[in-house]
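Report on the structure given below.
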Amino acid sequence: MSAAPSVARPSLQRAWRTARGGPGVIVAGAALAAIVASAALGPLVAPYDPHQPFVGQPFEPASFEHWLGTDAIGRDVLSRILAGAPGSVLPPFVVAVGATLLGAIVGVTAAWCGRAVDWWLSRVVDVIFAVPGLVLAVLAVAMFGKGLVAPSIALVISSLPLTARLIRVTARVELSKPYVEALHVQGTGRLAVWGRHLAPALAPTLLAQATIGFAYAMLDLAAISYLGLGVQPPSADWGSMIADGQAAILQGHPGQSLAAATLVLATVLSVSVLGAHATTWAEGTDT
Amino acid sequence: MLRRVLAQLGGLLSTLVIASAVIFGALVLTPGDPVSAIIGGVQPTPELIAQVRADHHLDAPVWERYLQWVGGILSGDLGQSMVYKTSISALLAPRIAVTATLVAYAATIVALVGIGSGILASRGGPWDQAVLVSTTVGLAMPTFVVAILLVWVFARLLGWFPVLGVGDGGWDTLRHLTLPAVSLAIIYIAYVSRITRGSLVAQQTREHVETARVRGIPSARIFRAHVLRNASPQILAVSGTTFASMFATAAIAEQAFGLGGVGALFTEAASRKDIPVVQVIALLMVSIFVAANALVDIIAALIDPRSDRTHA
Amino acid sequence: MSTVAPPLLDIESLRITSPARVLVEDCTLSVASGEVVGLIGESGSGKSLSLRAVVGLLDARLTQSGRISVDGKNLDALDKAARRRVRSHSMGVVFQTPRAHLNPLRSIGDFMTEALTCVAGVSASEAEVRAESLLEEVGITDPRRRMRQHPGDLSGGLLQRVMIASALAMEPQLLLADEMTTALDVTVQEEVMAVLLDLQRERGLGILFVTHDLQLARAVCDRIAVMSAGRIVETIPAARLDNAVEPYTRALVASSTLSRQPAATDSEAASEPILEVRGLRREFMVRKARGWGREPFVAVDGVDLTLGAGRALAVVGQSGSGKTTTARIICGLERADAGTVTVQGEDWSQPARSVRERRHRAAMAQMVFQDPYQSLDPRQSVESCLAEAVRLQEPGSADAVRERVRELVRSVALDESVLDRTPRSLSGGQRQRVAIARALAARPKLLVLDEAVSALDVTVRAEILDVLEEIRHDAGVALLMITHDLDVAERLCSHVVVMRAGRVIESGPVAEVFSAPAESYTRTLLASIPRPGWVPRRRG
């Protein structure tokens, strides 16, 4: 098939033109790049030991030595933010990718196998839909103890059926289009129909689901840590840092909580903006 | 129509039964010995262990314990807390009042501001842009982030609102619950606003609305009788699920503002492995979801007289 | 025709532009009292857009200039409220799809009385009485019961009558109709047109009748304005249409009256049957109208038909007659509950079980679908689409495939430049040619065409029919035409099968069946087709 003209894709130039988007997209892209870099390198470049108390005075304001100031026991906030970055960004990413991939597999299987699987899928979706993700995550903590692993798995379980159902519906709609019947009459094999025609049709939906899934997973996992059920001291992620710094706000030192909250917000926002943009772009190749 | 409502209720009831079985089953199969969790630090003697196992019916088969549990709940006996050693009903009663007030307060804000701004945005123009930008930010604003911002600005810098506890009832309670309710509401406002705008805009461009315009029907009536009415089942459905999930998210607002509500108890029970309490509260959350959806379905059935709603 | 009163509708130099281009230019048209004026043109000609400008439904992104006067009042000179008042009181509008134009959540009664109570300020009980009499006037029996029902409970023909009745609620003298019968079957179209024309005579209405159907327009209109590419090219009395001077009008008239080709009837000699269908039956389970559960609905009920090699057979019937289901069973898209399908001696009664078998059948029979906008993968270029079809049957070197793809494109009279394009950038006619080329890739002996020209403009339709006739004549491909359009059947086919409610009610050579139909249903069907001199009648 290599010599065959492949499914039409927008030219590289057009892709670049649309992918560049407006200023919002550029800002979001830059922000996300910085966040990903800090998650990858952060712990290595952190200026201080994140767990070492009294590297400065308690509640030092931002200064050249401590860019984001220090916390109640004099730990360097920037170092703690950087050290917490992988634990804050990676789990939601894994949850989003996991739920999207598994959801796609289940959804495609349901669409392929037809009615019986469909029926069971919608029953499962109904039940899981009735349990909010956060409740399921807390249940997971009750079962397996504190930490982010169990809640992450719970969030995958909680968002998987919805993705699966969406993929199933999208696949069904696509499969019911006359062009698929035309392929059928033409003698195209089922695998070829699914691989060459259906997969590109599902791509925008998957992309959209993955970005939405990331945003929700980030917020839910941060909430779990904020509630004290996630990462345990002395380790910290952004969610637990918000909780940790909250008492100081009333004393007039909002620095730590605000810094961590800003990062959560910036990550979710930039992923949402880029995701929406990427989805529009992927849909643009469709009619 | 009655048929449709009954079918819906049947579906929701079966959801409830399955969900309750899963919640119960999962937590029974929890790793770790429940006995040690109940006894706590005391050195266990065989007699004590036997006593505890008998008290908590730990030796019966799982399904029997499930039926006992459900039977107990239906007859008003929610069981005993392993940590507090008191009846769960007594633990829950005051906390439910707090959470219900908080959620009702927040839900009112969501309904007014969310649906209101959605309607405003559906008219287009600069308002639409403003609402679009603010809901994009709002959708990324989880309760705990809003909470610390509110605490900082309104409690610390301005000193307008108290930040701890529920106050002494009446006006004072309302004042105490304002910041928690707002922090709980923000993300849902954004969500409901988006959905409201979307379904209104979708209805506005429908052909039957064009017919009404051509016939000279006043625009206020077109909006009320054709646009809003046809969009309302969808708006209602979203409001219903929003309301239900607010009970879960309330845990965060309660934690942030030191309110002793159901969510705070849920968090605490989970972290201390107080399994009976976790079970009951999880079931409560699911029941609220099911009840809210049932209610929404019934109202939607009243709004939409057709037997086949696929074209709504 | 009175010359003293100003025309009911007077459009002068109407111009509509989008930011990108001019959509309608220099449109001048008037409708006098008691006059039916046709505005005809092909899709995209700007006829519906002009009507939307008159009723005030133009998209906000479009700009319009020129003058539109209703009852002698220039709409632009009026303020917004007065303009709405003139529009709501002086004109009624009937659209193409009544089901979409009625609020599905409100009852027929609500719809009928809404304008009376909200705009004219009539009391609710008075409005109800008037609505009832209006519904009676458009031939709806038991209007009181109908008013309690919802649009979902009524058929398309009934809903269109409701639309007509409601358009007349404010007693306007001017009626605007936008493709009002396009979505209806011909027999229903005849009834609705009969209702409309009766009212027109009784009330002396002036009607602006927008349609793509030249035959219908010339049968019901006094004058006809022909629109093409945003301009009115000619306005002439309907009776003089055959003597039109404008080339475009002449072309439109020519392609609207399909002449029967002698080639379609030439081979009277018997030929081997390529397709034989015997006792075909298919039931679907549909939701019961009342109560729980589902009940069987017989879509195809004992259908027999025979198609000779290299011949063309038409299966005609209205919507719901089972003709499309029959075609789908033949092509293996649907299973049969009973009966047999034999293609060149092979038993095709059930869908192919393996890909190999499907590919084997594909080499013998291919299908072309109705909607060219949906029967091509929107993400695939024409070249890739055709190459895929070619490789399935004739796997070969890239060069061989390329050559065959180009040959196919030429065989449907398309330019090679379409190869790089995706369906989105092609016109409906081009897409349908691509679909035909794709079907031909397998070098089939039988082509099943399911309403393959119904969605196309008449001029394009005529061209595609020429291509099909050429394929049949030159390559000896047998054609099974599924169509509701008897003209298409007559143009291309030597034999015809008439279906109704799942059954074959009449069959035989086209010439015999159409000139001397044995069945009354066939007669009704033939009589409801608009032709010169046609007068719509209410039946039954």
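Residue numbers start from 1 in every chain, and the chains themselves are labelled A, B, ... in the order their sequence lines are given, proteins ahead of strands. As the structure is a computational prediction, the values presented were derived from the model and not from experiment.
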Q. Under 4.5 Å, heavy atom to heavy atom, which residues of residues 123-135 of chain A contact chain C?
A. none
Verify the neighbour count for atom [atom1] of [X]: are there more than 12 heavy atoms of other residues, nucleotides or ligands below 6.0 Å?
X      : atom1 : value
A:F93  : CZ    : no
A:W120 : CH2   : no
C:R356 : CZ    : no

(Q) At a heavy-atom distance under 4.5 Å, which candidate from C:G332, C:C331, C:P351, C:A389 has the highest pair count against chain A? (A) C:A389
Q.
Just so I understand: if I count every heavy-atom pair under 4.5 Å between each of C:D371, C:V401, C:L376, C:V448 and chain A, which residue has the most?
A.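 With the most close heavy-atom pairs to chain A, the winner is C:L376.
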Please state whether the side chain, the backbone, both or neither of [X] comes within less than 4.5 Å of a heavy atom of chain A.
X      : answer
C:L392 : side chain
C:A442 : neither
C:E388 : both

Please tabulate, one pair per line, all N/O donor-acceptor pairs under 3.5 Å involving side-chain atoms of residues 180-188 of chain A, not counting sequence neighbours.
{"residue": "A:E181", "atom": "OE1", "partner": "C:R328", "partner atom": "NH1", "Å": "2.7"}
{"residue": "A:E181", "atom": "OE2", "partner": "C:R328", "partner atom": "NH1", "Å": "3.0"}
{"residue": "A:E181", "atom": "OE2", "partner": "C:R328", "partner atom": "NH2", "Å": "2.6"}
{"residue": "A:H184", "atom": "ND1", "partner": "C:R358", "partner atom": "NH1", "Å": "3.4"}
{"residue": "A:Q186", "atom": "NE2", "partner": "A:T188", "partner atom": "OG1", "Å": "3.3"}
{"residue": "A:T188", "atom": "OG1", "partner": "A:L183", "partner atom": "O", "Å": "3.2"}

Q) How far apart are the closest heavy atoms of A:G189 and C:R359, and which atoms are they? A)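 Taking A:G189 first and C:R359 second, the nearest heavy atoms are N-NH2, 3.8 Å.
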Q | Side-chain heavy-atom pair A:Y179, C:P378 within 4.5 angstrom cut-off | A | yes
